[in-house]
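What follows is a set of notes on a single structure, which appears directly below.
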Amino acid sequence: MNAPAALPEPPFRRSPWSRVALAALVAYVVYASLQMEISAERVGTGMHNAARFFERMFPPNFERWELLLKGLFESLEIAVLASARGIVLALPVGLLAARNLMPAWATWPARAFIVACRSFHPVIVAIVFVKAVGFGALAGILALVVASIGFIGKLFTEAVEEISDKQVEAVRATGAPFGSILAFGVFPQVFSRFIGFATYQLDSNLRNSTMVGIVGAGGIGGTLFSAFQRFDYDFVCAILIAIISLIMLGEIAATGVRRVFLDGATLGELFRRGARTVRERRLEDD
């Protein structure tokens, strides 16, 4: 008779320390729930109040559509401007923070700057800029620029540090300057990921641009906050529907951008064209 097949090893290794960590996590969740005064009675009361709130929201009121469109367009402008400027500023910061390209004296300040940009929520940063430059869209743009630098700078740095050194060394062996090494050895390897980071950040800034307006930094958030203060819940519903529609349109646009820029053939041709250009320049120099 054939011997029974050996059972495969479990995908997750079990150890006494993992059980201790799981027990500690469960105990802390229970402790935190008790400290936060979370109870079934409060949840039930909240559900009842939410039902009354949603009853007052419907049907939505689109009579003030001009005010609604003005706030939406301002949020869109804030998101696009902040994304464009944040992406442009995040590129050099991300390169300076990459330890496989830059010396330690350059990477540590760049990494500290990225951490500082990521340390606070955009709403908190927006409050600071509202105090600095006053109410309006400028404060929202500056706040989202800081958020964009923190997010894209960190991910771009990690993408650069994960590239293959072979392509970089191949370009460097031709005697190409540092700019050519970046253009033909680094950027083609991280281009697709960078486009993904940029489109996600634009989508994130669309959402955040509706939040920073609550603290006076422009956009549809200010209109939404005013509607809440007036208990104008049917107009609140119309604003929420408009925000959801804006985010969905932004997602469709981001998908289109990814399809245009992330074509494998296009990226391959870009790298081949760059490598061919470097070889031709090397031959001319020789």
Side-chain angles (χ1 to χ4, degrees), residues 67-97 109-159 193-229 236 238-255 257-258:
L67 180 62
L68 183 61
L69 289 179
K70 180 182 177 182
L72 282 178
F73 282 127
E74 188 173 37
S75 291
L76 180 62
E77 291 167 353
I78 291 173
V80 172
L81 290 175
S83 300
R85 296 177 183 181
I87 291 169
V88 171
L89 294 175
L91 271 171
V93 175
L95 287 174
L96 287 173
R111 286 177 174 270
F113 180 67
I114 291 174
V115 170
C117 292
R118 296 178 56 247
S119 298
F120 303 100
H121 193 274
V123 173
I124 298 177
V125 181
I127 294 174
V128 174
F129 280 116
V130 165
K131 294 295 184 181
V133 301
F135 294 98
L138 178 59
I141 293 172
L142 294 175
L144 297 185
V145 165
V146 172
S148 300
I149 294 174
F151 177 81
I152 298 180
K154 175 179 173 57
L155 295 183
F156 184 61
T157 298
E158 294 177 352
R193 297 183 65 181
F194 181 73
I195 292 298
F197 301 154
T199 54
Y200 179 81
Q201 186 60 40
L202 175 60
D203 181 68
S204 177
N205 284 341
L206 280 174
R207 295 192 303 271
N208 290 330
S209 65
T210 64
M211 298 172 54
V212 295
I214 296 176
V215 296
I220 192 65
T223 307
L224 178 63
F225 185 66
S226 299
F228 269 114
Q229 287 185 318
V236 167
I239 296 174
L240 295 179
I241 292 174
I243 292 174
I244 294 173
S245 301
L246 178 64
I247 300 301
M248 292 180 65
L249 290 175
E251 180 64 26
I252 294 172
T255 302
V257 170
R258 284 192 290 267

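This chain uses plain numbering: 1 for the first residue, then up along the sequence.
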- [ ] Give the ring-plane orientation class for Phe151 versus Tyr200, where under 30° counts as parallel, over 60° as perpendicular and anything between as tilted.
- [x] tilted
Task: Distance, nearest 0.5 Å, that separates CZ of Phe194 from CD1 of Ile87 - done: 5.5 Å
- [ ] Go through Val145 and Ile149 one step at a time and tell me if the side-chain contact (heavy atoms from CB on, under 4.5 Å) criterion holds.
- [x] CA-CA 6 Å; Val145 165; Ile149 294 174; 4.0 Å; yes
Task: Spacing of CG belonging to Leu206 relative to OG1 belonging to Thr210, to within rounding of 0.5 Å - done: 8.5 Å
Could you give the side-chain donor-acceptor pairs of residues 117-130 under 3.5 Å, partners two or more places apart or in another chain?
unit_1: Ser119; atom_1: OG; unit_2: Val115; atom_2: O; d: 2.5
unit_1: His121; atom_1: ND1; unit_2: Val123; atom_2: N; d: 3.1

Open item on the list: I'd like to know whether Val93 forms a side-chain contact (heavy atoms from CB on, under 4.5 Å) with Ile114, so could you lay out the CA-CA distance, the side-chain angles of the two residues, the decisive distance to 0.1 Å, and finally the verdict.
Closed with: CA-CA 8 Å; Val93 175; Ile114 291 174; 3.6 Å; yes
Open item on the list: As a quick check of understanding, evaluate side-chain contact (heavy atoms from CB on, under 4.5 Å) for Phe225 and Val215, giving each step before the final call.
Closed with: CA-CA 9 Å; Phe225 185 66; Val215 296; over 6 Å; no
- [ ] Mind checking ring pair (Phe, Tyr, Trp, His ring centres under 6.0 Å) for Phe197 and listing every partner two or more places apart, or none if nothing turns up?
- [x] none
- [ ] Drop me the distance from Met211's CE to Leu144's CG, to the nearest 0.5 angstrom.
- [x] 10.0 Å
Enumerate donor-acceptor pairs with a distance under 3.5 Å from any side-chain N or O in residues 68-84 to protein atoms, sequence neighbours excluded.
unit_1: Glu74; atom_1: OE1; unit_2: Gly219; atom_2: N; d: 3.0
unit_1: Ser75; atom_1: OG; unit_2: Gly71; atom_2: O; d: 3.2
unit_1: Ser75; atom_1: OG; unit_2: Ile220; atom_2: N; d: 2.7
unit_1: Ser83; atom_1: OG; unit_2: Ala79; atom_2: O; d: 2.7
unit_1: Ser83; atom_1: OG; unit_2: Asn205; atom_2: ND2; d: 2.8

Open item on the list: Rounded at 0.5 Å granularity, tell me how far CD1 in Ile243 sits from CD1 in Ile247.
Closed with: 7.5 Å
Task: Rounded distance (nearest 0.5 Å) linking atom OG of Ser148 with atom CD1 of Ile141 - done: 11.0 Å
Task: Shortest non-hydrogen separation from Ala227 to Ile239 and the atoms involved - done: CB-CD1, 4.2 Å
Task: Shortest non-hydrogen contact from Gly140 toward Val212 - done: CA-CG2, 4.2 Å
Task: CD1-CZ distance between Ile214 and Phe228, expressed to the nearest 0.5 angstrom - done: 8.5 Å
